[in-house]
Participant: 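Below is one structure. I have some questions about it.
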Amino acid sequence: MAAVSDRLPAFPWDKLEPYKKTAAAHPDGIVDLSVGTPVDPVPQLVRQALIDAADSPGYPTVWGTKELRDAITGWLRGRLGASAAEHRNVLPVVGSKELVAWLPTQLGLGAGDKVAYPRLAYPTYEVGARLCGAEAVVYDDPTELDPAGVKLLWLNSPSNPTGKVLDKAELVRIVAWAREHGILLFSDECYLELGWEAEPVSVLHDDVCGGSYEGIVAVHSLSKRSNLAGYRAAFVAGDADVLGELLEIRKHGGMMTPAPVQAATVAALGDDLHVAEQRERYAARRAALRTALEAHGFRVEHSEASLYLWVTRDEPCWDTVAHLADLGILVAPGDFYGEAGARFVRVAFTATDERVEAAVKRLG
C-alpha cells in the first residue's frame with residue numbers, strides 16, 4: 001500500500017490547518033472561503049425525487065436508468081448544443097473527482113504514457129497520472145506539447161482555480177490538434193453553468209466538434225449548479241467507443257450511482273429555475289467580495305467564470321493566506337494548483353450571505 005501512496009503528492013489541505021486555527025480564533029468566527037463546497041439548500045424538487053426513490057432495494061446499473069440517460073442526453077442537446085447526443089454517448093459516474101482520479105487507470109495507461117493538464121490546475125489530474133504510474137506533464141497551450149507519448153489530454157474550462165474560459169475558436173483548434181495526433185481529450189466542464197464575464201462553451205457543441213464526438217469526452221457535475229456535492233451526481237459524455245469501454249470496466253468495479261441519486265439527477269437536469277436562482281446568489285456574493293478585495297489592494301486576474309476569484313497582492317501566496325487568516329478569513333494558496341500560482345490565492349464565494357458580509361466588513 002505504501003508503494004502506491006508514495007507516488008502521490010502530500011495532501012495539500014493539511015498545510016492549511018494552522019491558518020484555519022488562526023482564522024477560527026477571530027471574535028466573530030471564521031469565514032471559510034478556501035473550499036468551493038456548496039452551502040445553500042438542495043432544491044426541494046431534487047430532495048423530493050430522492051425521497052420518492054428511497055425504496056430502492058435492488059442494485060442499480062452502472063449505465064443508469066433509461067430515464068437518467070434520457071435526462072442527460074436531453075440536457076446535452078438543449079444546454080450544450082450537442083445535437084447528436086444519444087444514450088451510447090453518456091455514462092453516469094460517482095462524482096467527477098472519482099472519474100478524474102481513476103480515469104488513467106481505467107484507460108489502461110501506465111509507465112511510458114503521458115497525461116497532460118494545465119500548468120495551473122485541479123490537483124487530481126496529477127494524482128490520476130501518478131496512481132497508474134504514467135508521467136504527468138503540464139502545458140500553457142496544449143498544442144505546443146510534444147505529442148509523442150501523450151495518451152490523455154485534460155482541458156478545464158472554466159478553469160479551477162483561475163476561472164479562465166477557453167473560447168470557441170480555441171476549443172476548435174485544440175480539438176483538431178488532439179484528433180490529428182490521436183490523443184484522447186477529456187474536457188472538465190464542471191463549472192460551465194457559472195460564466196460571469198464570458199459564456200463557456202462545451203467541446204461537445206456542434207460548432208466545436210463538428211457534430212462528431214470522436215476522441216473527445218466532456219465531464220459534468222451537478223455539485224455546483226444544483227448544490228448536490230453531497231449526492232455525488234455526475235456524468236461523462238462524448239465518444240461512444242471510449243464510454244463503452246469504460247462502462248464495461250466500471251461494471252466489473254461496481255461503480256454504480258445509487259438509484260435515489262439517479263432519480264434526483266433526473267429532477268435536477270429537468271429544471272432550470274433552481275439553477276438560475278443559485279446563479280443569482282453566487283453573482284451577488286461574487287460582486288461583494290470582488291469589490292471588497294480590490295478596495296483592500298488585491299488585483300483580480302481571469303475569474304470570468306467558476307466559483308472563485310483568482311487574486312494577488314504581488315507577494316508569496318502564504319503571506320497572503322496569513323494576512324487574511326489574521327482577519328478571520330481562510331483562502332486557498334495558489335501553489336496548491338501548481339508553482340505558477342505561488343503569488344496568488346483562490347477565494348471561493350460559496351459561503352453564506354452572512355459570512356460573505358462578514359468578510360466584506362473585515363476587508364474594509
Side-chain angles (χ1 to χ4, degrees), residues 9-40 97 119-124 126 158-164 191 194 196-197 223-224 227 229 278 281-364:
F11 190 63
W13 296 96
D14 293 342
K15 295 171 61 178
L16 205 53
E17 281 302 312
Y19 301 91
K20 187 174 184 178
K21 289 180 180 179
T22 298
H26 190 280
D28 186 36
I30 189 173
V31 178
D32 192 344
L33 307 179
S34 65
V35 182
T37 187
V39 296
D40 299 303
K97 184 170 186 175
R119 188 173 302 279
L120 279 168
Y122 182 48
T124 312
E126 178 186 0
S159 163
N160 173 18
T162 69
K164 182 180 179 180
Y191 295 91
L194 297 163
W196 309 112
E197 296 161 10
S223 294
K224 316 300 185 185
N227 300 334
Q278 189 60 45
R281 296 187 189 106
Y282 285 142
R285 294 166 186 165
R286 177 182 184 272
L289 283 170
R290 179 167 192 152
T291 299
L293 287 163
E294 288 177 334
H296 196 77
F298 284 92
R299 185 177 74 255
V300 178
E301 290 197 1
H302 300 303
S303 306
E304 56 257 35
S306 83
L307 287 176
Y308 314 105
L309 293 168
W310 185 242
V311 305
T312 182
R313 294 204 308 173
D314 294 311
E315 65 183 2
C317 60
W318 287 99
D319 291 353
T320 306
V321 169
H323 168 72
L324 291 173
D326 287 340
L327 299 178
I329 302 169
L330 188 67
V331 298
D335 64 4
F336 276 10
Y337 308 95
E339 294 179 5
R343 298 179 74 82
F344 287 81
V345 296
R346 193 194 73 171
V347 183
F349 41 89
T350 51
T352 63
D353 292 343
E354 183 273 333
R355 287 289 83 187
V356 168
E357 183 180 355
V360 168
K361 288 179 179 178
R362 296 174 195 185
L363 289 166

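Atoms considered below: every heavy atom in the structure, side chains included; atoms not considered: hydrogens, waters and symmetry mates. Residues: numbered from 1 along the sequence shown. In this text the structure is predicted, and so the values were computed from the model without any measurement.
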Participant: So, using side chain to side chain contact (heavy atoms under 4.5 Å, CB included) as the criterion, who are the partners of E357 when residues are at least two apart?
Facilitator: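 Side chain to side chain contact (heavy atoms under 4.5 Å, CB included) check on E357 returns K361.
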Participant: Within a strict 4.5 Å, meaning less than it, do heavy atoms of the L309 and S303 side chains meet?
Facilitator: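 The answer is yes, as the side chains (C-beta and beyond) meet within the 4.5 Å cut-off.
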Participant: Kindly give the heavy-atom pair with the smallest separation between A351 and V356, and that separation in Å.
Facilitator: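 What the structure gives for the nearest pair is O-CG2, 3.8 Å.
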Participant: Is there side-chain contact between V311 and E301, with at least one heavy-atom pair below 4.5 Å?
Facilitator: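 Not in contact.
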Participant: Please examine the side chains of D335 and W318, heavy atoms only from C-beta on, and report whether any two atoms are closer than 4.5 Å.
Facilitator: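 In contact.
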Participant: I want to check something: taking the side chain as every heavy atom from C-beta on, are R343 and P316 in contact at a cut-off of under 4.5 Å?
Facilitator: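 A side-chain contact exists here, since the closest heavy-atom pair is under 4.5 Å.
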Participant: Given 3.5 Å as the limit, does a donor-acceptor pair link the side chain of K164 with the main chain of A305, or not?
Facilitator: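 No, the answer is negative, given that no donor and acceptor are paired below the 3.5 Å cut-off.
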Participant: Which heavy-atom pair separates S34 from A332 by the least distance, and what is that distance?
Facilitator: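 Of all heavy-atom pairs spanning S34 and A332, the closest is O-CB, 3.6 Å.
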Participant: For the pair H296 (side chain) and L363 (backbone), establish whether a donor and an acceptor sit closer than 3.5 Å, ignoring hydrogens and angles.
Facilitator: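 Yes, the answer is positive, given that a donor and an acceptor are paired below the 3.5 Å cut-off.
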Participant: Rounded to the nearest 0.5 Å, what separates atom NE2 in H26 from atom CD1 in I329?
Facilitator: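 The NE2 atom of H26 sits 8.0 Å away from the CD1 atom of I329.
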Participant: List in chain and number order the residues that pass ring-ring contact (aromatic ring centres under 6.0 Å, His included) with Y337, two or more places apart in sequence or in another chain; answer none if no residue qualifies.
Facilitator: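 Not a single residue meets the ring-ring contact (aromatic ring centres under 6.0 Å, His included) criterion with Y337.
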Participant: Give, for atom CG of L327 and atom CZ of R362, the distance between the pair rounded to the nearest 0.5 Å.
Facilitator: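 If we round to the nearest 0.5 Å, L327:CG and R362:CZ are 8.0 Å apart.
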Participant: Can you tell if the side chain of R286 reaches within under 4.5 Å of the side chain of F349, non-hydrogen atoms only?
Facilitator: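 Yes, their side chains come closer than 4.5 Å.
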Participant: Would the number of heavy atoms belonging to other residues, nucleotides or ligands and lying under 6.0 Å from CD of E339 be above 12?
Facilitator: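 No - once you tally the heavy atoms of other residues, nucleotides and ligands closer than 6.0 Å, there are 12 at most.
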Participant: Taking atom CZ of R346 and atom SG of C317, what is their separation to the nearest 0.5 Å?
Facilitator: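 Between atom CZ of R346 and atom SG of C317 there are 12.5 Å.
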Participant: Could you pull out all residues at least two apart from Y122 that satisfy ring-ring contact (aromatic ring centres under 6.0 Å, His included)?
Facilitator: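 ring-ring contact (aromatic ring centres under 6.0 Å, His included) check on Y122 returns Y125.
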Participant: With a 3.5 Å cut-off and sequence neighbours excluded, list the donor-acceptor pairs that the side chains of residues 10-25 form with protein atoms.
Facilitator:
{"from": "T22", "atom 1": "OG1", "to": "P18", "atom 2": "O", "distance (Å)": "3.2"}

Participant: Output yes when a side-chain donor or acceptor of R299 lies under 3.5 Å from a complementary backbone atom of T312, and no otherwise.
Facilitator: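 No, because the side chain of R299 does not come within donor-acceptor range (under 3.5 Å) of the backbone of T312.
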Participant: Can you tell me how far apart CG (L293) and CZ (R313) are? Round to the nearest 0.5 Å.
Facilitator: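 One finds 10.5 Å between CG of L293 and CZ of R313.
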Participant: Between L194 and S306, is any pair of side-chain heavy atoms under 4.5 Å apart?
Facilitator: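 Heavy-atom side-chain distance check fails, nothing below 4.5 Å.
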Participant: How many angstroms lie between CG in L120 and OG1 in T162, if you round to the nearest 0.5 Å?
Facilitator: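 L120 atom CG to T162 atom OG1 measures 6.5 Å (nearest 0.5 Å).
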Participant: Apply the side chain to side chain contact (heavy atoms under 4.5 Å, CB included) test between P161 and each candidate in F336, Y308, W310; give the one that qualifies.
Facilitator: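 Testing each of F336, Y308, W310 against P161, the sole residue satisfying side chain to side chain contact (heavy atoms under 4.5 Å, CB included) is W310.
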Participant: Tell me, please, which residues at least two apart from T350 pass side chain to side chain contact (heavy atoms under 4.5 Å, CB included).
Facilitator: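 Result, side chain to side chain contact (heavy atoms under 4.5 Å, CB included) vs T350: Y282, L307, A348.
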Participant: Find the distance between NZ (K224) and OG1 (T37) and round it off to the nearest 0.5 Å.
Facilitator: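 Nearest 0.5 Å value for the NZ-OG1 distance: 6.5 Å.
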Participant: If the condition is side chain to side chain contact (heavy atoms under 4.5 Å, CB included), which residues does T320 pass it with, not counting sequence neighbours?
Facilitator: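 For T320 the side chain to side chain contact (heavy atoms under 4.5 Å, CB included) partners, ignoring immediate neighbours, are F298, E315, L324, V345.
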